[in-house]
Amino acid sequence: MNLHNQPTSEPSVALGRGNGGGRIYLETFGCQMNVLDSQLVQSQLRALGYRFVEDWRQADVVLYNTCSVREHAEQKVWSRLGEVAIHKREQPGVIVGVLGCMAERDGLGMARKYPQIDLLCGPGELDRLPFLIENVRKTAQEEQFSRQAVQAALQGNTHRRSGTLAAAEDRLEMLDLSRSFDPDEHRGSAYVRITRGCNKFCSYCVVPFTRGAEIHRPPDHIVEECRRLVDAGVVEITLLGQTVNHYHFHHGAAVSFEGRQQPQVGLAVGRKGLPSKAKGETIVGGRITTFADLLARIHDQVPGLLRLRFVTNFPRDFGDDILAVIAEKPRICRYLHLPAQSGSNRLLELMNRGYTVEEYRQLIARIRSVLPDATLAGDVICGFSTETEEDHQATCDLLRFARYKNCFVFKYSARPGTTAMDRLPDDVDEATKRRRNNELLAVQSEISAQVHRSFEGHTVRVFVESVSTKARKAQEQLGGQTVELGWQKPVTQLCGRTDGDLIVMFDGDPALIGSMVEVTVERSAPLTLFGRLADAMPAASPSVG
Ligand code: SAH
Ligand code: SF4
Ligand code: F3S
C-alpha cells in the first residue's frame with residue numbers, strides 16, 4: 001500500500017464537478033473544536049457541489065471526524081469502521097475517510113489495520129480534504145476500484161508549524177475565513193476559533209501532537225468573523241481555543257518559532273496581560289493584542305452580539321486583566337470553564353500542569369472577589385499514574401472548595417505518544433478508577449444541586465437552543481405533531497442556557513429557538529433548572545417536563 005503525504009495532482013482536479021458533487025455523510029466525535037471543523041468542512045464541500053445526507057448507507061463518501069483524547073473516544077470510531085467495511089463489500093465505490101485527531105495520531109498504522117479507509121486527513125490539513133476526495137475518486141476510476149493508495153494529508157508528530165504572524169498566511173486560516181455566513185446554517189449561536197493547537201504538553205494529553213503548535217489568529221479576522229456572523233442572525237458566539245485565555249497576537253513583529261515546549265513558569269497571578277514568551281520564540285518589536293484586549297474589542301465593536309463566551313481556560317494564564325474586562329463588559333458571560341485536573345500537587349507536577357493547588361485556589365478566590373456572580377465548571381482526571389487515596393481525597397476537597405456548577409470527571413486513559421504513557425506507569429486498576437470516578441461524581445452532584453437550587457425563584461436570561469430531548473421523543477411518538485394549546489400557539493418543552501451556562505427547561509413556542517428570553521426558575525435538579533417564561537401566561541399544559 002502506498003501512503004502519500006501529499007495529495008497527488010492537486011491543481012489538475014476539477015473539484016466535485018466532474019462527478020456532479022456527491023452525497024456525503026459526516027459524523028463528528030470529540031470537542032467543540034471538532035464540531036467547528038466539521039462545520040467548516042461542510043461549507044467548503046457544499047460550495048463545491050456536494051450534498052450532505054443523514055443516513056450513511058445513502059452516502060457516496062462516509063467521513064468520520066474523530067477524537068483521540070481517550071481510548072473510549074477511539075473505540076466508537078473503530079466500531080463505525082467495522083460497520084462500513086461490511087457495507088463496502090456490497091458497495092465498493094463508497095469512499096471512507098477518517099479526519100481529525102485519530103487520523104493524525106495513528107495515521108499510517110490505522111490505514112494498515114483498516115483497508116476500508118481511503119483517505120486520512122489530520123486536523124491541521126482539512127483545507128486539503130476536497131483534493132483528497134477527488135484524488136481517491138480519480139484513482140478508483142483509473143484502477144476500477146482496485147485501489148492501491150490511501151490519500152493522506154497529515155502534519156506528522158514532528159511538524160509543529162507555529163507563530164502568530166504566520167497565521168495570517170496560513171492555509172488553514174483560509175478555511176476559517178471561507179466559512180458560510182448563511183443565516184440558515186446558524187441557529188443563533190456559533191463557534192469562532194481564536195487559537196489553534198496547544199503548546200502546554202500536559203503529560204497525559206495527545207492534543208499538542210494531534211493539533212500541533214499553538215497559532216493565534218489575527219484579531220482583525222476574528223472581529224470581522226464575529227461581525228459577519230451577527231449580521232447573519234447570530235446572537236451568541238463562543239470563542240474556541242485549547243487554552244483560550246492564552247491568546248496573544250503580536251502585530252507587525254518578526255516571529256520565529258522552533259516548535260519547542262513552552263516552559264511552565266508558575267501561575268500568572270495579578271499579571272497585567274503580558275503573555276510569557278514561549279521558548280524558541282523570538283519577538284522583535286510590535287504591539288500585542290492580549291485575550292483581554294480581544295474580548296473588549298469584540299464586545300465593543302460587535303454591539304449586536306448579545307452573548308460572548310469562551311472555552312477552555314488554562315489556570316496558569318488567567319490574569320486580572322481578563323477578570324477586569326469581564327466585570328466591565330455586560331455581554332461577556334460570567335462563566336469560566338477552568339479545568340484543574342487534580343487537587344494533589346504531586347499529581348499536578350506529574351501532569352506537567354505548571355501550577356500548584358494553592359495557586360489554583362487563589363485564582364478561584366480572585367474570580368469570586370471580582371465576579372461574585374460567575375459560575376465555574378471544571379474537569380478532573382481520576383486514577384492518573386501513582387494516584388493514592390490521599391491524592392484522590394485532595395481532588396474531592398478541591399471540588400468542595402471550587403463549587404463548580406458542573407465538573408467533568410474522566411478516568412485516566414494512557415495515550416500512545418504522550419510522556420505519561422512513555423514514562424509513567426498506568427498503575428491504578430480499573431475498579432479503583434471507577435470507584436474514584438463515582439465518588440467524585442457524588443461529591444460534585446451534591447454541589448451542583450446546591451448551586452442550581454440557589455437560582456430557584458430568580459429570573460434568568462436564557463438563550464433558547466432547541467426542543468428538549470424529552471419533548472422531541474414525545475413528539476416522535478405522536479408522529480411529529482406539535483401540541484396546540486387553547487390560545488393557538490404551539491408549545492413544547494424548550495431547552496436553553498443562562499449566561500452562567502446553566503441548562504434551563506421551560507415550555508414555549510419553538511419559534512423562540514435561537515433567541516434570548518427571560519425565564520423564572522420554579523424548581524431545580526442537580527444539572528437543570530425548570531421554569532416558565534417570565535411575563536408569559538402560566539403554562540396551562542401540556543408540559544412534558
Ligand atoms: N485544553 C483543555 C482540555 C482538552 S481535553 C484543557 O487543558 O483544559 C479535555 C479534557 O479531557 C481535559 O481537561 C482532561 O480532563 C481530559 N483528558 C485529556 N487527556 C486525557 C487522558 N489521557 N485521560 C483522561 N482524560 C483526559
Ligand atoms: Fe491537553 Fe494540556 Fe493542552 Fe489542554 S492544555 S489541550 S490538557 S496539553
Ligand atoms: Fe479530541 Fe482532538 Fe478535541 S483529541 S478533544 S478532538 S482536540
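In listed order, ligands and their atoms are each counted from 1.
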> Under 3.5 Å between some N or O of ligand 1 and some N or O of Q341?
yes
> Measuring from non-hydrogen atoms of Q242 to any atom of ligand 3, is the shortest distance under 4.0 Å?
yes
> Output yes if C31 passes the N/O/S-under-2.8 Å test against atom 3 (Fe) of ligand 3; output no otherwise.
yes
> Please write down residue, atom name and distance for the protein heavy atom closest to atom 1 (Fe) of ligand 2.
C205 SG, 2.3 Å
> Does some non-hydrogen atom of R211 fall short of 4.0 Å from ligand 2?
no
> Judging by distance only, is a nitrogen or oxygen of Y204 under 3.5 angstrom from one on ligand 1?
yes
> How far is atom 7 (S) of ligand 2 from the closest protein heavy atom, and which atom is that?
Y204 OH, 3.4 Å
> Between V77 and E27, is there a side-chain heavy-atom distance shorter than 4.5 Å?
no
> Who's the nearest protein heavy-atom neighbour of atom 4 (S) of ligand 3, and how far?
S68 N, 3.3 Å
> For the residue pair L376 and R403, establish whether any side-chain heavy-atom pair is separated by less than 4.5 Å.
no
> Less than 4.5 Å apart, side chain to side chain, heavy atoms only: is that true for Q242 and T195?
no
> Can you tell me if V207 contacts ligand 1 (heavy atom of the residue under 4.0 Å from the ligand)?
no
> Considering only heavy atoms, does H337 approach ligand 1 within less than 4.0 Å through its side chain, its backbone, both, or neither?
neither
> Nearest protein heavy-atom contact for atom 24 (C) of ligand 1: which residue, which atom, what distance?
K411 O, 3.4 Å
> Where the side chain of K433 meets the backbone of Y412, is there a donor-acceptor pair that is under 3.5 Å apart?
yes
> Near N34, which atoms of ligand 3 are under 4.0 Å from a heavy atom of that residue?
6 (S)
> Should the proximity of S413 to ligand 1, defined as any heavy atom under 4.0 Å, be assigned to the side chain, the backbone, both, or neither?
both
> Hey, which atoms in ligand 1 end up nearer than 4.0 Å to a heavy atom of R415?
22 (N)
> May I ask you to test the C333-E236 pair for a side-chain heavy-atom distance under 4.5 Å?
no
> Any idea which atoms of ligand 2 are less than 4.0 Å away from a heavy-atom of F201?
8 (S)
> Less than 4.0 Å between a side-chain N and a carboxylate O, is that true for R23 and D55?
no
> Just to confirm my output: which protein heavy-atom neighbour is closest to atom 16 (C) of ligand 1, and how far is it?
R70 NH1, 3.3 Å
> Under 3.5 Å between some N or O of ligand 1 and some N or O of D379?
yes
> For C101, counting its heavy atoms only, list the atoms of ligand 3 lying under 4.0 Å from any of them.
2 (Fe), 4 (S), 6 (S), 7 (S)
> Which residue and atom name correspond to the protein heavy atom nearest atom 3 (Fe) of ligand 2, and how close is it?
C198 SG, 2.3 Å
> Measure from NZ or CZ of R415 to the centre of the six-membered ring of Y204, then state whether that distance is under 6.0 Å and the direction lies within 45° of the axis.
no
> If you count the non-hydrogen atoms of other residues, nucleotides and ligands that lie under 6.0 Å from CZ in R334, is the total more than 12?
yes
> Does a side-chain N-to-carboxylate-O contact under 4.0 Å join E74 and R105?
yes
> Please determine if R361 forms a cation-pi arrangement with F401, meaning its NZ or CZ atom is less than 6.0 Å from the six-membered ring centre and no more than 45° off the ring axis.
yes
> Please say whether the positively charged group of K76, taken as NZ for Lys or CZ for Arg, lies over the ring of F29, i.e. under 6.0 angstrom from the six-membered ring centre and within 45 degrees of the axis.
no
> Quick check: do T312 and P339 have side-chain heavy atoms less than 4.5 Å from each other?
yes
> Nearest protein heavy atom to atom 18 (C) of ligand 1, by residue and atom, and its distance?
V69 CG2, 3.5 Å
> So, F209 versus F201, ring centres under 6.0 angstrom or not?
yes
> Does M33 come within less than 4.0 Å of ligand 3, judged by its heavy atoms?
no
> Is the closest heavy atom of T243 to ligand 1 under 4.0 Å?
no
> Can you tell me how far the CE atom of M33 sits from the CZ atom of R193, to the nearest 0.5 Å?
6.0 Å
> Could you find the nearest protein heavy atom to atom 8 (S) of ligand 2 and give me its residue, atom name and distance?
C202 N, 3.3 Å
> With heavy atoms only and a cut-off of under 4.0 Å, state how T243 meets ligand 2: side chain, backbone, both or neither.
side chain
> Taking the side chain as every heavy atom from C-beta outward, state whether R211 and C198 have any atom pair closer than 4.5 Å.
no
> Got an N/O contact under 3.5 Å between N313 and ligand 1?
no
> Say whether R353 and ligand 1 are in contact under the criterion: heavy-atom distance to a ligand atom below 4.0 Å.
yes
> When you measure from atom 1 (Fe) of ligand 3 to every protein heavy atom, which one gives the shortest distance, and what is it?
C67 SG, 2.3 Å
> Only heavy atoms count here, so choose which of Q341, K200, H246, R353 is nearest to atom 4 (Fe) of ligand 2.
R353
> To which protein heavy atom is atom 8 (O) of ligand 1 closest, and what is the distance rounded to 0.1 Å?
P339 CG, 3.0 Å
> Among side-chain atoms of H392 and E387, is any donor-acceptor pair under 3.5 angstrom?
no
> Quick check: do F181 and E225 have side-chain heavy atoms less than 4.5 Å from each other?
yes
> One thing to verify: whether K113 and D106 come together as a salt bridge, which I'm taking to mean a side-chain N less than 4.0 angstrom from a carboxylate O.
yes
> Do Q242 and ligand 1 have an N or O pair less than 3.5 Å apart?
yes
> With heavy atoms under 4.0 Å as the rule, classify the contact between P208 and ligand 2 as side chain, backbone, both or neither.
side chain
